[in-house]
Amino acid sequence: MNKKRLFAPGPVEVPAAVLKAMAEPVIHHRTDEFKELFAKTKVKLAKVFCVDDEVIILSASGSAAFEAGFLATVPKNSKVLAINAGKFGERWAELARKYGYKLIEMKITWGKTLNFEELRNILKLHPDIKAVMTTHSETSTGVLHDVKTIAQITRQEIPTALLIVDAVSSLAAAELRPQEWALDVVSAGSQKGLMLPPGLAFVWLSERAWASDINLNPSFYLDIRKERIAQQKNSTAYTSPVNLIYALNASLDIILEQGLEKIWQNRASYTEAILQSAEAMGCTRFAQRVSPAVAALRTPSGILAADLVAAFAKRGLRIAGGQDHVKEFLFRPAVLGFGDKYDVIIVVAVLEEVLRELGQDIPYAKAVAIAMEILE
Ligand SMILES: *Cc1c(COP(=O)(O)O)cnc(C)c1O
């Protein structure tokens, strides 16, 4: 059996220190011991979010955090704009549709980021838009959207509209400054940059987003105003996943020790190293504006992405393929969280081996040399 390696944009490898923290005996969630753990963890979490107030922790997958933030801030039946540039953008459009909001969709060709003038025009045309939804790192296409500029344009055109951002794959991977950039709702999950097992979701709200008390939240469990009251007292509204909180505390220690800015720089160079070395082997980059979280690549012509992903899997490595209409040719390796530059070398070396197996004629280790040069 091969050694198993996770190089997909989530879930990712979990460090031993985090796994060990998770193996602590379960404690009761209504105890001072838990409150202490929660209190110190949430301070570190805010640092990793680059905010000076609270981030709400939910026991759910990342999508729940987006849904919770959306439902807590956007009035029922109102008009919302979904920037849809891939699978996750599409998910948030579906969310709004399902809850009966008046949905305006800005559809963007997969692999591209948005045109700001087009955004401005849509906002001018619909001054009654209450919220704009976007992904930061659109994991399905490998694109990083400039949410700072999106926030500026939104504020200029419709000062009262909230900007709701899916940062599930960008947190602790790409520069993200919710307060400084004037974002309103930012959601994330545990299984990507935070290098935890799946199961935790996080959502931060700006002051004005908290102030938009709509009192109509249709969700019972995902009511973050109720959660906030509990979490301000270092407790949770429902049973806390205690062992995941232990794990979170441990992973945040690792992240803060490495330093956020260093992590942002590293991820960008890892992704660039994978992209450039893959290009030297006949692949093409897919993203117009590259997300540090994931390297989205087109296979050389004649090679199916599914075959390439399967050839990686045969060697014990899990990378992601493409979805929907890019399924045939898109593949997406990622070196997130605990992954380091040596993991980048592994990905590139295996890609070379796999492409050769699938019939590409490529020189030995040339791509690895390219990656090493970038990583230095
Ligand atoms: C992984 C990911 C999600 C994830 O959602 P889950 O609910 O944790 O499966 C949402 N948005 C983006 C951009 C992601 O990369």
Side-chain angles (χ1 to χ4, degrees), residues 6-14 49 55-71 82-96 98 108 110-114 132-147 150 163-176 178 183 185-204 219 221-222 224 241 244 247-248 251 267 271 286-287 289-296 318-324 326 330-337 339:
L6 284 172
F7 292 127
V12 300
E13 183 186 350
V14 177
F49 261 77
V55 178
I56 302 299
I57 304 173
L58 299 167
S59 43
S61 86
S63 300
F66 191 99
E67 180 164 344
F70 179 85
L71 294 179
I83 297 174
N84 173 355
K87 205 66 195 167
F88 290 103
E90 187 181 294
R91 180 177 293 183
W92 308 132
E94 271 171 37
L95 168 79
K98 176 144 195 182
I108 295 146
W110 284 35
K112 303 281 183 256
T113 188
L114 65 162
V132 175
M133 302 184 278
T134 187
T135 53
H136 184 206
S137 164
E138 174 51 73
T139 319
S140 64
T141 64
V143 170
L144 186 76
H145 298 300
D146 177 357
V147 290
I150 297 173
L163 180 62
I164 305 183
V165 178
D166 168 355
V168 179
S169 68
S170 60
L171 183 75
E175 183 178 12
L176 173 65
L183 314 182
V185 179
V186 176
S187 55
S190 53
Q191 75 274 26
K192 303 198 178 174
L194 295 184
M195 54 192 169
L196 293 164
L200 288 179
F202 311 98
V203 59
W204 171 86
S219 176
Y221 181 73
L222 293 179
I224 51 173
L244 280 173
L248 174 62
S251 79
R267 297 306 129 184
T271 301
F286 189 63
R289 190 172 186 274
V290 173
S291 166
V294 57
R318 180 78 200 187
I319 62 164
Q323 293 151 297
D324 293 355
V326 298
L330 200 73
F331 68 101
R332 296 171 298 141
V335 178
L336 275 167

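Counting starts at 1 for both ligands and their atoms, in listed order.
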[atom]: which protein heavy atom is closest, and how many Å away?
atom                    : value
atom 7 (O) of ligand 1  : S61 OG, 2.5 Å
atom 2 (C) of ligand 1  : K192 NZ, 2.5 Å
atom 3 (C) of ligand 1  : F88 CE2, 3.4 Å
atom 5 (O) of ligand 1  : S63 OG, 3.4 Å
atom 11 (N) of ligand 1 : D166 OD2, 2.6 Å

Any donor-acceptor pair under 3.5 Å linking the side chain of R267 with the backbone of V335?
yes
Sub-4.0 Å atoms of ligand 1 with respect to non-hydrogen atoms of [X]:
X    : answer
G62  : 6 (P), 7 (O), 8 (O)
S169 : 15 (O)
V168 : 1 (C), 2 (C), 3 (C), 4 (C), 10 (C), 11 (N), 12 (C), 14 (C)
T139 : 12 (C), 13 (C), 14 (C), 15 (O)

Can a salt bridge be assigned to the pair K87 and E90 using a cut-off of 4.0 Å between side-chain N and carboxylate O?
yes
Polar atom proximity, S137 to ligand 1 (N or O, under 3.5 Å)
no
Testing T139, T141, V326 for side chain to side chain contact (heavy atoms under 4.5 Å, CB included) with R332, which one passes?
T139
Does some non-hydrogen atom of Q191 fall short of 4.0 Å from ligand 1?
yes
Aromatic plane relationship, F49 with F202 - under 30° parallel, 30 to 60° tilted, over 60° perpendicular:
perpendicular
Flag for S170-S137: side-chain donor and acceptor within less than 3.5 Å
no
